[in-house]
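Since the structure is predicted, the reported quantities are computational estimates derived from the model, not experimental observations. In what follows, every heavy atom counts, from backbone to side chain, and hydrogens, waters and symmetry copies are set aside.
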Amino acid sequence: QVQLVESGGGLVQPGGSLRLSCAASGSIRRINVMGWYRQAPGKQRELVATITSEDYTNYLDSVKGRFTISRDSDKNTAYLQMNSLKPEDTAVYYCNVESVVLTGSGRYVPSDDWGQGTQVTVSS
């Protein structure tokens, strides 16, 4: 079981910046992928950015050049630096982690876990 704790959301003016954090804990053997998704009211959840254990990254086209995903392996934490924020970025942002975990029976199994979500509001 993996626990994810998100932080860093809030209210910001257009053009401002926010930095989201996602800290993973539990009996984690290996984190394969960490990513950020977002969901605005009345819209589908969409993938914002991902980063693999080998530091391969992928971004939603509309955030390229503005958002940067990174990770700290020692802390099992992912970050999303969001610059030049626009009102269209307003959404609940969710952290997602794909990992391999150690069970109580001593087996390694895949795990796919989600954070609780953090609200990002961009408004003047």
Taking the side chain as every heavy atom from C-beta outward, state whether [X] and [Y] have any pair of such atoms under 4.5 Å apart.
| X | Y | value |
| --- | --- | --- |
| Phe67 | Leu80 | yes |
| Leu20 | Val120 | yes |
| Gln119 | Thr90 | yes |
| Leu18 | Leu85 | yes |
| Val33 | Val97 | no |

Between Ser123 and Thr121, a side-chain donor and acceptor under 3.5 Å: no

How many angstroms lie between atom [atom1] of [X] and atom [atom2] of [Y], to the nearest 0.5 angstrom?
| X | Y | atom1 | atom2 | answer |
| --- | --- | --- | --- | --- |
| Ile69 | Gln81 | CD1 | CD | 12.0 Å |
| Ser53 | Arg71 | OG | CZ | 6.5 Å |
| Ser124 | Gln13 | OG | CD | 6.0 Å |
| Asn32 | Thr50 | CG | OG1 | 12.0 Å |
| Leu4 | Ser25 | CG | OG | 7.5 Å |

side-chain contact (heavy atoms from CB on, under 4.5 Å) evaluation trace for Ser99 with Arg30: CA-CA 6 Å; Ser99 65; Arg30 180 185 184 228; over 6 Å; no

Worked check of side-chain contact (heavy atoms from CB on, under 4.5 Å) between Asp89 and Arg66: CA-CA 11 Å; Asp89 297 317; Arg66 299 189 297 121; 2.8 Å; yes

Contact list for residues 41-124, test disulfide bond (SG atoms under 2.5 Å apart), sequence neighbours left out: Cys22-Cys95

Within residues 68-103 or reaching into it, pairs that qualify as ring pair (Phe, Tyr, Trp, His ring centres under 6.0 Å) - sequence neighbours excluded: none

Pairs flagged by ring pair (Phe, Tyr, Trp, His ring centres under 6.0 Å) wherever residues 27-58 is involved - sequence neighbours left out: Tyr37-Trp114

With Tyr59 via ring-ring contact (aromatic ring centres under 6.0 Å, His included) - residues at least two apart: none

CA sep, side-chain torsions, deciding dist, call: Met34, Glu98, side-chain contact (heavy atoms from CB on, under 4.5 Å): CA-CA 6 Å; Met34 302 187 80; Glu98 297 179 10; over 6 Å; no

Least distance between heavy atoms, Ser84 atom then Ser17 atom: N-OG, 4.3 Å

For the side chain of [X] and the backbone of [Y], is there at least one donor-acceptor N/O pair under 3.5 Å apart?
| X | Y | answer |
| --- | --- | --- |
| Asn96 | Asp113 | yes |
| Gln116 | Glu6 | yes |
| Thr77 | Lys75 | yes |

Residues 40-48, side-chain donor-acceptor partners within the protein, below 3.5 Å, at least two apart:
| unit_1 | atom_1 | unit_2 | atom_2 | d |
| --- | --- | --- | --- | --- |
| Glu46 | OE2 | Arg38 | NE | 2.8 |
| Glu46 | OE2 | Arg38 | NH2 | 3.3 |

Audit row: Val109, Val101, side-chain contact (heavy atoms from CB on, under 4.5 Å) steps and yes/no: CA-CA 6 Å; Val109 298; Val101 301; 3.7 Å; yes

Ion pair Asp61/Lys64, N-O distance below 4.0 Å: yes

Which residues share a side chain to side chain donor-acceptor pair (under 3.5 Å) with Arg19, sequence neighbours left out: none

